[in-house]
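Reading through the structure tokens given below for one structure.
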Amino acid sequence: QKEVEQNSGPLSVPEGAIASLNCTYSDRGSQSFFWYRQYSGKSPELIMSIYSNGDKEDGRFTAQLNKASQYVSLLIRDSQPSDSATYLCAHSGYSTLTFGKGTMLLVSP
Amino acid sequence: EAGVTQSPTHLIKTRGQQATLRCSPISGHTSVYWYQQALGLGLQFLLWYDEGEERNRGNFPPRFSGRQFPNYSSELNVNALELEDSALYLCASSFPGQGIHEQYFGPGTRLTVT
């Protein structure tokens with residue numbers, strides 16, 4: 001079973017803090033990794049993709065990938081209440097994405 | 001640029017009936033994916049269509065089926081509806097090719113089976 005594991009949370013951080021979301025995966029053959037944000041009752045929105053080891057930064061978001069440890073993370077700097085959502089980690093196989101169940105993030109004002 | 005569109009937004013059916021859900025991909029995308037998201041559960045992969053062909057299906061019974069039309073839009077059919085089919089059905093699209101490109105989701109169809 002090719003699985004993606006995420007802590008369900010909720011992860012609570014104060015406004016302005018750094019939120020750190022983590023994900024592990026079991027398929028060593030995975031090449032592509034994605035982070036989606038899903039607000040309650042809405043569809044997932046792609047926020048980051050990462051394909052090689054190391055860090056990738058986009059605005060307040062930084063994705064980190066370590067294929068040797070089968071670990072991918074998402075850092076959100078200067079967290080805002082509008083960042084409160086469930087964050088889904090996904091990795092690619094040949095034909096589709098496998099999603100984790102998501103981590104709920106709560107940012108308090 | 002228009003995103004992925006889905007219709008209807010909500011659908012209420014009775015157990016045993018059939019449901020048809022529709023999806024239009026982003027312009028230029030030829031791959032369409034269907035996912036089910038039941039309450040409290042993660043996204044479960046249902047079907048992948050590319051160039052009119054079914055490329056892969058998830059661990060769902062045959063009463064879940066679909067097709068892709070020449071304009072790359074897609075239809076998901078669920079026959080003999082059961083109560084546990086109540087869920088948010090999400091369509092995503094991506095560029096074609098082996099391996100996975102970024103998938104972009106539509107707003108979903110909320111199916112309720114009573």
Side-chain angles (χ1 to χ4, degrees), chain A residues 1-10 21-52 56 58 61 63 65 67 72 74 85-104, chain B residues 1 3-7 9-10 21 23 25-26 29-51 53-60 66 87-112:
Chain A
Q1 182 77 10
K2 300 186 173 79
E3 295 186 347
V4 178
E5 299 291 335
Q6 294 183 258
N7 189 319
S8 62
L21 303 162
N22 304 311
C23 171
T24 59
Y25 60 94
S26 59
D27 183 5
R28 287 192 171 274
S30 295
Q31 296 297 316
S32 306
F33 301 85
F34 306 92
W35 283 98
Y36 287 82
R37 176 176 63 197
Q38 187 173 26
Y39 293 110
S40 181
K42 302 296 185 182
S43 63
E45 174 192 8
L46 179 66
I47 54 174
M48 288 287 286
S49 56
I50 186 166
Y51 303 96
S52 56
K56 178 182 178 182
D58 184 0
F61 299 99
L65 175 60
K67 291 186 179 180
V72 58
L74 179 70
T86 296
Y87 289 79
L88 305 173
C89 171
H91 74 85
S92 69
Y94 163 69
S95 60
T96 190
L97 297 181
T98 301
F99 285 85
K101 293 187 177 181
T103 297
M104 181 181 294
Chain B
E1 180 180 298
V4 178
T5 60
Q6 292 186 246
S7 64
T9 303
H10 294 90
L21 289 64
C23 170
I26 292 170
H29 288 186
T30 63
S31 280
V32 171
Y33 309 81
W34 287 96
Y35 294 87
Q36 182 196 67
Q37 189 174 37
L39 193 63
L41 299 179
L43 279 163
Q44 302 294 318
F45 166 68
L46 270 165
L47 291 159
W48 170 34
Y49 292 96
D50 186 64
E51 296 290 350
E53 299 286 332
E54 181 182 302
R55 301 297 184 183
N56 197 19
R57 67 180 292 129
N59 188 25
F60 281 84
L88 179 66
Y89 288 83
L90 293 159
C91 172
S93 74
S94 76
F95 287 110
Q98 185 170 348
I100 293 298
H101 299 278
E102 297 170 341
Q103 293 185 17
Y104 296 89
F105 284 86
T109 293
R110 175 76 61 186
L111 173 64
T112 302

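Because only heavy atoms are used, hydrogens play no part in the values below, and waters and symmetry mates are left out as well, while side chains stay in. Convention: sequence-line order gives letters A, B, ...; per-chain numbering from 1.
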Inset, instruction - Report the C-alpha separation of Thr98(A) and Phe45(B) in whole Å, then their side-chain angles, then the decisive distance to 0.1 Å, and conclude whether the side chain to side chain contact (heavy atoms under 4.5 Å, CB included) test is met. - result: CA-CA 8 Å; Thr98(A) 301; Phe45(B) 166 68; over 6 Å; no
Inset, instruction - Under the side chain to side chain contact (heavy atoms under 4.5 Å, CB included) rule, what do Phe105(B) and Glu45(A) come out as? Steps first, then yes or no, please. - result: CA-CA 7 Å; Phe105(B) 284 86; Glu45(A) 174 192 8; over 6 Å; no
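- At most 12 non-hydrogen atoms from other residues, nucleotides or ligands lie less than 6.0 angstrom from NZ of Lys101(A).
- Only the side chain of Gln37(B) comes within contact range of chain A, with heavy atoms under 4.5 Å apart.
- A 6.0 Å sphere centred on CG of Leu41(B) holds more than 12 heavy atoms belonging to other residues, nucleotides or ligands.
- For Lys42(A) against Leu88(B), the heavy-atom pair with the smallest separation is O-CD2, 4.3 Å.
- When the candidates Gly58(B), Gly42(B), Pro107(B) are compared by the number of heavy-atom contacts under 4.5 Å with chain A, Pro107(B) comes out ahead.
- Within the 4.5 angstrom heavy-atom criterion, only side-chain atoms of Gln38(A), from C-beta onward, approach chain B.
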Inset, instruction - Apply side chain to side chain contact (heavy atoms under 4.5 Å, CB included) to the pair Tyr33(B) and Leu97(A), showing each step before the final yes or no. - result: CA-CA 10 Å; Tyr33(B) 309 81; Leu97(A) 297 181; over 6 Å; no
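- Highest contact tally toward chain B, considering only Pro44(A), Ser49(A), Gly41(A), Ala90(A), is held by Pro44(A) [criterion: heavy-atom pairs under 4.5 Å].
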Legend entry - Chi angles and distances behind the side chain to side chain contact (heavy atoms under 4.5 Å, CB included) call for Gln103(B), Tyr36(A): CA-CA 10 Å; Gln103(B) 293 185 17; Tyr36(A) 287 82; 3.6 Å; yes
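- Between the side chain of Ser43(A) and the backbone N or O of Gly106(B) there is at least one donor-acceptor pair closer than 3.5 Å.
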